Amino acid sequence: MKATIGMLLLAAAGHTLSVPTVFAQSPEYDVIVKGGRLYDGTGNPWRLVDVGIRADRIVAVGRLDETATAARTIDASGKIVTPGFIDLHSHADGPNYGGRGLRSSNARRRAAPNLVMQGITTVVVNQDGRSLWPIGEQKASLEQLGIGVNAILLVGHGTVRRQVLSSDFRRPSTEAEILRMRGLVRQAMLEGAYGMSAGLEYVPGRWSTTDEVAALTAEIVPFGGVYVAHQRSEGADPMWYWPSEYEARPPSLLDAVRETIEIGERTGATVVASHIKAKGANYWGSSHAAIRLIDAARSRGVSIYADQYPYTTTGSDGSTVLIPGWARRLTDTGDRASRDYRVPLRAALADSETTAALRRDIAHEIARRGGPENVVVFDYPDSTYVGKSVSEIADLRGVSPVDVAIALQLEGYPSRPGGARVRGFSLSDVDIEPYAGRPWAATATDGWVTLPEDGPTHTRVYGTFPRKIKEYAVNRGILSVGDAVRSATSLPAQILALPDRGMVKQGYVADIVVLDLEQLQDNATFFEPHQFPSGVDYVLVNGSVVVDNGAPTWELPGVVISPTASAATNSTGGGEGES
């Protein structure tokens, strides 16, 4: 501080000086996101604003005074600002992902770089009916370890079913068993679950009845829980169906949607048809019928939604095997030791009747995986086949697509089912685009945490949310940018009944994304999947920066989000397992 002339004169006269201490003014905000085009999550058009953040909360939205100060100012001019993206269907954690997901001992994995780098700030985990047990232990583990994104936990219907039926699950449950399962679902809700997931196309949910699932779903209703279903079928038939083994008509996508609607109608629960699609070349276009069913149900008051990823290939498409399971079953001890899948295939081909069934099943699987022009080889001993479709290989060899499938096993890797690494592209934009435009369809990855050393993976684990906004909103105009943002933010928040996330609004949690819309692009491909998207410049989770100038910071500010409403003290359930 400069001394005044008067002070100097007083000092010269022998007076003692008392000089006031000067303190630097503390910042008014921790972070200011300045001058961005805000899509606030409601679907409204953008408006030019500044966003002021203090600790983990948004405390100001508007044009801040030029004198406003912050410890960190993010220049968002020329860019768009959105709420953090909420991934309604994620495998970032769960019973099969502990070592590779949010409970990993590796802090780099817990930072979930492939998720935050596409703008995801919250994941909903324990999907497809699979969860840890008990939920309370999973919650405590995540809280103790520290995670890069927020996590919402579901309880798995399949997990509960195994707790009660053990290995005897290939049958409908009894009334007594249902009562015990209801008690376990209620226990999970009391421990912090947000609802229940089901995997009705998988083991053990495949053998459950609609009555069983509805009874368990009723237990989450007093808690305001949500029922999220991988439905019994996603196309003309389930993935477990082979024509030669089953005579009865299997459930279709439309049957499955009707069941989800029925569960919502009977219980009053909010229900979600997970990763909704229309799988198989012979089933493309059926999305319109599914949409009609859902629209009609919503018009009569059923709280049904869906989630969707915007890609033409599924997770199971990545492990496509065109030879049916029964024709690659290793029975001899020596065959099992060598894992030579040519042996059972040759045995099947030795009998004319079995060969006919084999060829019928292969043709069915080729169609279910998108048709011969959409089944592509990614790894094979003959490198000239890599990148080619079954249709292209069939033309080169002058044989049928079914013959190609047989040849791939007989001439390929003996120890690999099918003889090659093959991916089907079983979905079509004929269905993806109509679903994407529906106001009840949320965006979701159906993805997981991954690092480059993990090897082949689905591109959706890196690019889902940027792709939905750039490709389907900006490039194709299937929906507006505002509505694409809504499908990733306030819509899943509405489905989950989150009270303070999903919008950029004063008092809400500071989960924020800053995007350069011109540069936004999902860069992952199936030959080079481990690539971050472009144009995701900044991401904040609970007010902390986890993506800074287009790079992950590896911070772990995420929390486990538990329901804030008081839990119901009574429900219609009870029985063993009730706390």
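All values reported here derive from a predicted model rather than from experimental measurement. For the numbers below, each heavy atom of this structure counts, side chains included, while hydrogens, waters and symmetry mates do not.
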>> Determine whether His275 and His230 satisfy the following criterion, side chain to side chain contact (heavy atoms under 4.5 Å, CB included), listing intermediate values before the conclusion.
In response: CA-CA 8 Å; His275 39 61; His230 177 119; 3.0 Å; yes
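- Summarising the geometry, atom OH belonging to Tyr435 is positioned 13.5 Å from atom OH belonging to Tyr472; distances are rounded to the nearest 0.5 Å.
- Within 6.0 Å of atom CD in Glu66, 12 or fewer heavy atoms from other residues, nucleotides or ligands are found, so the atom counts as exposed in its surroundings.
- For the pair Val536 and Phe465, the minimum side-chain heavy-atom distance is 4.5 Å or more.
- Residues Arg72 and Tyr538 approach most closely at NH2-CE2, 3.6 Å, considering heavy atoms.
- Summarising the geometry, atom CD belonging to Glu234 is positioned 8.5 Å from atom OG belonging to Ser426; distances are rounded to the nearest 0.5 Å.
- Atom-to-atom distance recorded for Leu520:CG and Ser534:OG is 8.0 Å, nearest 0.5 angstrom.
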> After noting the C-alpha distance and the side-chain angles of Gln531 and Asp522, does the key distance pass the side chain to side chain donor-acceptor pair (under 3.5 Å) rule?
Replying inline: CA-CA 8 Å; Gln531 299 187 72; Asp522 63 316; over 6 Å; no
>> Using the rule given for side chain to side chain donor-acceptor pair (under 3.5 Å), can you reason through Arg501 versus Asn542, listing the C-alpha separation, both sets of side-chain angles and the distance that settles it, and then say yes or no?
In response: CA-CA 10 Å; Arg501 298 179 195 262; Asn542 301 318; 3.1 Å; yes
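- The nearest pair of heavy atoms linking Leu88 to Ala442 is CD2-CB, 4.0 Å.
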>> With side chain to side chain donor-acceptor pair (under 3.5 Å) as the criterion, how do Thr42 and Arg486 come out once you've worked through the C-alpha distance, each side chain's angles and the decisive distance to 0.1 Å?
In response: CA-CA 6 Å; Thr42 64; Arg486 174 184 169 273; over 6 Å; no
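- Side chain to side chain, Thr312 and Asp429 fail the donor-acceptor criterion of an N or O pair below 3.5 Å.
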>> What verdict does the side chain to side chain contact (heavy atoms under 4.5 Å, CB included) test give for Ile32 and Ile74, after you've listed the backbone C-alpha separation in whole Å, the side-chain angles of each residue and the deciding distance to 0.1 Å?
In response: CA-CA 6 Å; Ile32 291 177; Ile74 294 173; over 6 Å; no
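- Ring-centre distance between Phe526 and Phe425: below the 6.0 Å cut-off.
- Of the candidates Thr464, Thr443, Thr445, Thr122, Asp87 forms a side chain to side chain donor-acceptor pair (under 3.5 Å) with just one, namely Thr445.
- Relative to the ring axis of Tyr311, Arg460 does not place its NZ or CZ within 45° and under 6.0 Å from the centre.
- One finds the CG atom of Leu540 at 10.5 Å from the CG atom of Asp30 (value rounded to the nearest 0.5 Å).
- Between the side chain of Asn106 and the main chain of Arg108, a donor-acceptor pair closer than 3.5 Å is present.
- For the pair Thr489 (side chain) and Pro83 (backbone), a donor-acceptor distance under 3.5 Å is absent.
- Residue-environment remark: CD (Glu518) stays at or below the threshold of 12 foreign heavy atoms within 6.0 Å.
- With contacts defined as side-chain heavy-atom distances shorter than 4.5 Å, the pair Arg130/Tyr202 qualifies.
- Taking CG of Asp93 as the start and CG of Leu102 as the end, the distance is 5.0 Å to the nearest 0.5 Å.
- The cationic atom of Arg100 (NZ for Lys, CZ for Arg) does not lie both less than 6.0 Å from the six-membered ring centre of Trp448 and within 45° of the ring axis.
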>> Thr82 vs Phe85, test: side chain to side chain contact (heavy atoms under 4.5 Å, CB included). Steps then yes/no.
In response: CA-CA 8 Å; Thr82 77; Phe85 301 148; 3.5 Å; yes
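- The two residues Thr73 and Ala70 make their nearest non-hydrogen contact at OG1-CB, 4.1 Å.
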> Can Ser316 and Lys279 be said to form a side chain to side chain donor-acceptor pair (under 3.5 Å), step by step?
Replying inline: CA-CA 11 Å; Ser316 64; Lys279 187 175 181 179; 3.1 Å; yes
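- By the 4.5 Å heavy-atom criterion applied to side chains, Arg57 and Val509 are counted as neighbours.
- Looking at Val31 and Val33, their side chains come closer than 4.5 Å, going by heavy atoms from C-beta outward.
- At a threshold of 4.0 Å, the pair Glu191-Lys139 does not count as salt-bridged, since none of the basic side-chain nitrogens sits closer than that to a carboxylate oxygen.
- Ring geometry for His91 against His89 counts as perpendicular: the plane angle is over 60°, on a 0 to 90° scale with 30° as the lower cut.
- Salt bridge present: Lys79 and Asp537 bring a charged side-chain N and a carboxylate O closer than 4.0 Å.
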>> Does Glu262 form a salt bridge (Lys or Arg N to Asp or Glu O under 4.0 Å) with Arg258? I'd like the steps, not just the answer.
In response: CA-CA 6 Å; Glu262 180 182 345; Arg258 289 188 191 96; over 6 Å; no
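- Panel note: side chain Gln118, backbone Asn114; a donor-acceptor pair is recorded below 3.5 Å.
- A side-chain donor-acceptor contact under 3.5 Å links Thr314 to the backbone of Asp317.
- Within the 3.5 Å criterion, the main-chain N or O of Gly455 finds a donor-acceptor partner in the side chain of His530.
- For Gln519, the side chain to side chain contact (heavy atoms under 4.5 Å, CB included) partners two or more places apart in sequence, or in a different chain, are Asp516.
- Counting only distance, with no hydrogens or angles, the side chain of Asp295 and the backbone of Arg292 share no donor-acceptor pair below 3.5 Å.
- In this structure, Arg438 forms no cation-pi arrangement with Tyr305, as its terminal cationic atom is not both closer than 6.0 Å to the ring centre and no more than 45° off the ring axis.
- Using a 4.0 Å cut-off between charged side-chain N and carboxylate O, Arg182 and Glu219 make a salt bridge.
- Contact of the Thr260 side chain with the Ile304 side chain is registered, since non-hydrogen atoms from C-beta on lie closer than 4.5 Å.
- In this structure, the side chains of Asp446 and Tyr309 come closer than 4.5 Å at one or more pairs of heavy atoms.
- Shortest non-hydrogen contact noted between Leu556 and Gly148 is CD2-N, 3.7 Å.
- Contact between Val541 and Thr121 at its shortest, heavy atoms only, is CG2-CG2, 3.8 Å.
- Nearest approach of Ala218 to Thr267, heavy atoms of both residues: N-CG2, 4.0 Å.
- Contact annotation: the side chain of Leu200 approaches that of His157 to within less than 4.5 Å [non-hydrogen atoms, C-beta and beyond].
- For the atom pair OG (Ser131) and CG (Asn126), the distance works out to 5.0 Å, reported to the nearest 0.5 Å.
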>> For a side chain to side chain contact (heavy atoms under 4.5 Å, CB included) check, start with the C-alpha distance between Met503 and Asp40, then their side-chain angles and the critical distance, and finish with the verdict.
In response: CA-CA 5 Å; Met503 288 191 285; Asp40 64 6; 5.6 Å; no
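- For the pair Ile561/Tyr194, a side-chain contact is recorded, criterion being any heavy-atom separation below 4.5 Å from C-beta on.
- In this structure a side-chain-to-backbone donor-acceptor pair under 3.5 Å is present from Arg110 to Leu145.
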